There are 2 protein chains.
Amino acid sequence: MLRISKLTDYGIVLLVHFAQRTGGTTLTAREMAEATELPLPVVSKMLKSLASADLLASQRGSRGGYQLAREPEAVSVAEIIEALEGPIVLMECVPDDGVCEQASHCGLRTPWQRINRAIQTTLTQVSLAELAADMPPHHQSTLAIA
Amino acid sequence: MLRISKLTDYGIVLLVHFAQRTGGTTLTAREMAEATELPLPVVSKMLKSLASADLLASQRGSRGGYQLAREPEAVSVAEIIEALEGPIVLMECVPDDGVCEQASHCGLRTPWQRINRAIQTTLTQVSLAELAADMPPHHQSTLAIA
DNA sequence: AACATATCGGACCAAATCAGTCCTGTAAAT
DNA sequence: ATTTACAGGACTGATTTGGTCCGATATGTT
């Protein structure tokens with residue numbers, strides 16, 4: 001459980017790679033594919049996702065490419081994961097009839113809320129910069145939120 | 001992300017149901033299916049899983065059934081999730097050649113370790129009893145670690 | 001203007017996983 | 001013996017995921 005998808009993992013690897021280049025260097029999908037040794041179509045797809053999530057800034061045309069939209073310190077793991085796989089929520093109540101009757105006090109559904117909040121918090125506290133500092137360059141996968 | 005599978009969710013619902021019955025009442029798969037309004041085969045399957053994970057104790061034959069193997073206070077959410085979907089680990093390193101060269105200092109791969117530990121900790125701190133106390137009886141799903 | 005280089009935004013497909021069913025065997029009680 | 005239940009799989013359909021590909025658009029160069 002808590003499994004991160006392979007694609008999300010690739011996305012993280014790509015971001016880490018960007019973070020490890022000093023300065024706002026612009027890199028093309030092809031360059032990233034070579035650097036990470038991942039198939040170009042996949043890299044391309046993920047870069048697009050990351051760009052549309054505003055984690056990367058893109059520039060079209062010749063001399064185009066991607067670069068980090070922000071400083072690595074200002075990007076949290078929570079953001080990355082949320083961008084690539086939707087909200088980080090552990091439980092949601094879905095009663096028999098599809099409508100939660102307890103909806104009112106449900107927002108405070110304590111134990112799950114506690115869990116969600118805790119996970120959210122830790123994920124928010126770790127920045128891309130920390131990942132980059134810690135991760136040996138060249139890993140093409142870090143995978144497996146199991 | 002952090003998605004819990006539907007089956008695991010059912011498993012939790014079943015456990016909560018047991019926890020909400022006072023005393024170590026024995027219930028059959030059929031009774032559980034009726035109580036939770038979930039299809040019998042599914043309930044049966046999950047009860048078997050829970051039993052083989054030693055979260056439930058089973059008794060065969062007529063007058064058989066299942067009951068909690070332990071007090072609800074002594075069962076953590078971490079345990080339940082691990083039993084039903086394997087280890088709760090967020091990241092594992094898998095470099096190009098399949099063998100992690102940094103294996104030595106890799107065990108301390110800080111940021112991910114930190115994240116994993118935090119998640120593990122919160123999940124361990126919440127008990128089945130707390131879930132049961134907080135969850136209205138009858139929910140047949142609590143789902144969606146999104 | 002024409003061309004080359006890149007991203008953009010999809011559609012698309014194969015493979016793996018998940019959810020759910022079903023069947024045969026075995027244990028226990030009457 | 002017969003009935004009641006769990007045990008342990010195999011099996012299938014649906015969904016999700018991983019990965020590919022293509023046409024359109026934007027930008028710089030000649």
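Per chain, numbering begins at 1; letters A, B, ... match sequence-line order. Since the structure is predicted, the reported quantities are computational estimates derived from the model, not experimental observations. These values consider heavy atoms only, across backbone and side chains, with no hydrogens, waters or symmetry-generated copies.
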Whole-Å distance between dT17(D) P and Lys45(A) NZ?
11 Å
Taking NZ from Lys48(A) and C1' from dG23(D), how many angstroms apart are they, rounded to a whole number?
11 Å
Ser52(B) side chain N/O closer than 4.0 Å to the phosphate oxygens (OP1, OP2) of dG8(D)?
no
Of the candidate nucleotides dT21(C), dT20(D), dG28(D), which contains the atom at the shortest distance from the side chain of Pro41(B)?
dT21(C)
salt_bridge(Arg70(A), Glu79(A)) N-O dist < 4.0 Å:
yes
Could you state the atom-to-atom distance from CD of Gln67(A) to P of dA6(C) in whole Å?
15 Å
Whole-Å distance separating the CG atom of Leu50(A) from the C1' atom of dG9(C):
15 Å
Polar contact flag, side-chain donor to acceptor under 3.5 angstrom, Thr121(A)-Thr124(A)
no
Side-chain N or O of Ser5(A) closer than 4.0 Å to phosphate OP1/OP2 of dG18(D)
yes
In whole angstrom, give the distance that lies between atom CE of Met46(B) and atom C1' of dC6(D).
15 Å
Looking only at the side chain of Pro39(A) (C-beta and beyond, no hydrogens), which of the listed nucleotides dT20(D), dC8(C), dG8(D) gets closest?
dT20(D)
Given the structure, check if the side chain of Arg60(A) and the base of dT27(D) hold any donor-acceptor pair shorter than 3.5 Å.
no
Ser127(B) versus Glu73(B), side-chain donor and acceptor atoms under 3.5 Å:
no
Option among Val75(B), Thr26(B), Leu50(B), Leu128(B) that satisfies the side chain to side chain contact (heavy atoms under 4.5 Å, CB included) test with Leu68(B):
Leu128(B)
For Glu85(B) and dA19(C), what is the distance between atoms CD and C1' respectively, to the nearest whole Å?
13 Å
So if I take every side-chain heavy atom of Ala29(B) and compare against dT7(C), dT27(D), dC6(D), which nucleotide ends up nearest?
dC6(D)
Measure NZ/Lys6(A) against C1'/dA15(C) and give the value in whole Å, please.
11 Å
Quick one: are Glu82(B) and Gln120(B) in side-chain contact, heavy atoms under 4.5 Å?
yes
Nearest-nucleotide check on DNA chain C, Arg63(A) vs Leu7(B); residue mapping nearer the 5' end is Arg63(A)
Tyr10(A) side chain N/O closer than 4.0 Å to the phosphate oxygens (OP1, OP2) of dG18(D)?
no
Please give, in whole Å, the distance from dT5(C) P to Tyr66(A) OH?
17 Å
Reading DNA chain D from 5' onward, which residue's closest nucleotide shows up sooner: Gln59(B) or Gln59(A)?
Gln59(B)
Output yes when at least one side-chain N/O atom of Ser44(B) is less than 4.0 Å from OP1 or OP2 of dA5(D), else no.
no
From the candidates dA29(C), dG9(C), dG18(D), the one with an atom nearest any side-chain atom of Ser62(B) is dA29(C)
